[in-house]
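Heads up: the structure comes next, in structure tokens.
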Amino acid sequence: MAQAAESVITKHGRDATRLLQILIDLQQALGYLPPAGISAVAAGLDLPRARVEGVAGFYSFLHLEPVGEYRILFSDNITDRMLGSLELRDALCRKLWVEQGKLSEDGLISIDVTSCTGMCDQGPAMLVNGLPITRVDHQRINEIAELVRTRVPLSAWPRAFFHVDDNIRRRDALLGQSFVSGSAIEAAIRLGRDQWIDEMRASRLRGRGGAGFTTCVKWEACRDAPGSDKVVVCNADEGEPGTFKDRVLLTRCADRVFEGMVLAAWATGANRGFMYLRGEYAYLRPALEAELARMRAAGLLGRTILGEAGFDFDIEIHLGAGAYVCGEESALIESLEGKRGTPRIRPPFPVTHGYLGRPTVVNNVETLTKTTLIALGGGAAFAATGTAQSTGTKLLSVSGDCAFPGIYEYPFGVRIDRVLEDCGAGDAHMVQVGGASGVTIAGYEFSRSIAFEDVPSAGAFMVFDSSRDPFDVAHNFVDFFTHESCGFCTPCRIGTSLLKGYMDKLARGYGAKKDLADIEWINRLLRNTSHCGLGSTAPNPVVDTLAKFRPAYERRLRTLDFEPAFDLDAALAAARRITGRDDPAAHLDSGDKQHTEGER
């Protein structure tokens, strides 16, 4: 144990800021993080044991208890559920005689769920020891059960199991254009740092992660901040349910993504870069590392890039470990520093006080990729596409009830009904744009446009036909937010749990009109007092579906007055059977029931 910990710690230079990476590697070696391993890491890094265990306990892909030789996680996103993921999960549990969330008696396997694996275009999906398996069906469940029972190593499983399609359905300026590696960097160096910033300003490129902040403004703020050790971070922690565009860009356009990071470094004067890669995409890391090695060999990374004196910049890949909140830039930086991914209080902002207090630019994968178009074609040409406030094109991750799920690239301003027509969604009843934290669009709104000034989107575009219940969709999203709350602030920690409680109560058929009013109150609480965007946006799917699909909630109401969450008299039925009593004294009379409800 101690030897394994020492080996991993030495590999990472005994650097406490790499604590998360150390724990990931140690778990890879041991299967989980036993108490002795936690203690060895704490001693080796000269850190309090409580801090190491606190980090290990924060991330859902790190395990403080054994999880078996085979760790299977079914994607629990709403689109996977629509394709039968729950039934498939239960079938595998039955075949392998294991309960969900528990380790099998022989220590061989554990089966559970995870929020979203980024495979919504080819679900149902699962992760087996971190490797994705898509398009799961009952035949594949039978095959997996047999492979596990006979302890076949994962390396010997059929390669077809792990095939992931890109599913690019519509190409435009980015996906429809060939790219010569190094050409964007060469073009930006020819322009010079100042003129390159001018081209970025002319492009009016806005961040593609959802917030839509102007990229040039962020870069200039970092460039002008005091301090020479500046940092560029690529946010590849694509955790929003229904989003998978970054997965495709990292697979198809890794050179452009990394080149975008170099372009940001050229503009800001940064000398160090990180790609924060979500844990669900760990399988992409070998190919990404190979691309970095190729770029170093070609003089596109490292010292004196393309012969430009003083232009020194290199990139490291850091893995996430299953924490949606790390998609928020300050939480991501905390995680990069080897801490729990708790969002910071701002100001100060990362552009002046980011990674280890240094000026730091954080851009998402699509944003950085788009900068290569600007370097090659110019800012004005880029701004000529899209709308006045939303320039360029947008990648949409289309999934759900449609014939052709996948990646669609459109100029900003495309109407929702055009997207629905292109993806073969003839019976669309509702669209969730921007993921769980985004906007619910009803049928009468399908003429609206994808743009920051109308319907903004980080990329998710989930389609639901008339057979789907809007309540069930919102319920799934609330479960997601409750699970992913980092727990730092009381409003979010308690508010998301309360919201889940009300949705669970409605789902069980015990709803009352007062519950809907209480949900509105929780919405105001979360929006106004949450520490970060997770809490403030968590009520969005409930509030939107309540406003636009209210009958989906009202048909679950049992009464207009108070209704308890369960029937206490019915709960006593088993006791009556055991005691052989069914007289009036063994039942709650109406007075007792009213008294009990009043106490509630």
Open item on the list: Applying side chain to side chain contact (heavy atoms under 4.5 Å, CB included) to Arg296 and Asp314, what does each step give before you reach the verdict?
Closed with: CA-CA 8 Å; Arg296 293 186 189 104; Asp314 211 337; 3.0 Å; yes
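Put simply, the side chain of Arg149 gets close to the backbone of Lys95: a donor and an acceptor are under 3.5 Å apart. Of the possible polar contacts, none joining the Asn77 side chain to the Asp80 backbone as a donor-acceptor pair under 3.5 Å is found. Side-chain atoms of Thr496 come within 3.5 Å of backbone atoms of Cys492 as a donor-acceptor pair (strictly under, hydrogens ignored). In this structure, the side chain of Glu337 does not engage the main chain of Lys339 through any donor-acceptor pair within 3.5 Å. In this structure, the side chain of Thr134 engages the main chain of His163 through a donor-acceptor pair within 3.5 Å. Of the possible polar contacts, one joining the Asn476 side chain to the Asp76 backbone as a donor-acceptor pair under 3.5 Å is found. Thr114 contributes no side-chain N or O that, together with a main-chain N or O of Ser75, makes up a donor-acceptor pair within less than 3.5 Å. Using a distance-only test at 3.5 Å, with no hydrogens or angles considered, a donor-acceptor pair links the side chain of Gln21 to the main chain of Leu319. Side chain of Arg18 to main chain of Gly13: no donor-acceptor pair is present (N/O by atom type, distance under 3.5 Å, no hydrogens or angles). No donor-acceptor pair closer than 3.5 Å links the side chain of Ser530 to the backbone N or O of Cys532.
A salt bridge between Arg14 and Glu6 is present, with a side-chain N of the basic residue lying under 4.0 Å from a carboxylate O of the acidic one. Using a 4.0 Å cut-off between charged nitrogen and carboxylate oxygen, Asp472 and Arg556 count as a salt-bridge pair. A salt bridge links Lys245 with Glu366; the closest basic N to acidic carboxylate O contact falls under 4.0 Å.
Among Arg135, Arg252, Arg247, the single residue meeting the salt bridge (charged side-chain N to carboxylate O under 4.0 Å, His left out) criterion with Asp165 is Arg135.
Counting heavy-atom neighbours within 6.0 Å of His429 NE2, excluding the residue itself, gives a total above 12. Annotation for Gln28: atom CD does not count as buried by contact number, only 12 or fewer foreign heavy atoms lying within 6.0 Å. Within 6.0 Å of CG on Asp46 lie no more than 12 heavy atoms contributed by other residues, nucleotides or ligands. Atom CD of Glu289 has more than 12 neighbouring heavy atoms from other residues, nucleotides or ligands inside a 6.0 Å radius. By the 6.0 Å contact criterion, CZ on Phe162 is enclosed, its count of non-hydrogen atoms from other residues, nucleotides or ligands being greater than 12.
Under the 3.5 Å distance criterion, with hydrogens and angles disregarded, a donor-acceptor pair is assigned to the side chains of Gln432 and Thr440. Side chain to side chain, Asn364 and Asn235 fail the donor-acceptor criterion of an N or O pair below 3.5 Å.
The CG atom of Asp112 sits 5.0 Å away from the CD atom of Gln100 when rounded to the nearest 0.5 Å. If you take CG on Leu147 and CH2 on Trp157, they are separated by 5.5 Å, rounding to the nearest 0.5 Å.
Residues Met462 and Val433 form no side-chain contact, since every pair of their non-hydrogen atoms from C-beta on lies 4.5 Å or further apart. Residues Ile317 and Leu292 form a side-chain contact, since some pair of their non-hydrogen atoms from C-beta on lies under 4.5 Å apart. Taking the side chain as every heavy atom from C-beta outward, Leu23 and Val52 approach each other to under 4.5 Å. Side-chain contact between Asp25 and His12 is present, with heavy atoms from C-beta onward closer than 4.5 Å. You'll find the side chain of Ile407 reaches within 4.5 Å of the side chain of Ser397, heavy atoms only. Using a 4.5 Å heavy-atom threshold, the side chains of Ile333 and Arg344 count as touching. The shortest side-chain heavy-atom distance between Phe258 and Met295 falls under the 4.5 Å cut-off. Contact of the Tyr276 side chain with the Cys326 side chain is registered, since non-hydrogen atoms from C-beta on lie closer than 4.5 Å.
Cation-pi geometry between Arg468 and Phe464 is not met at under 6.0 angstrom from the ring centre and within 45 degrees of the axis.
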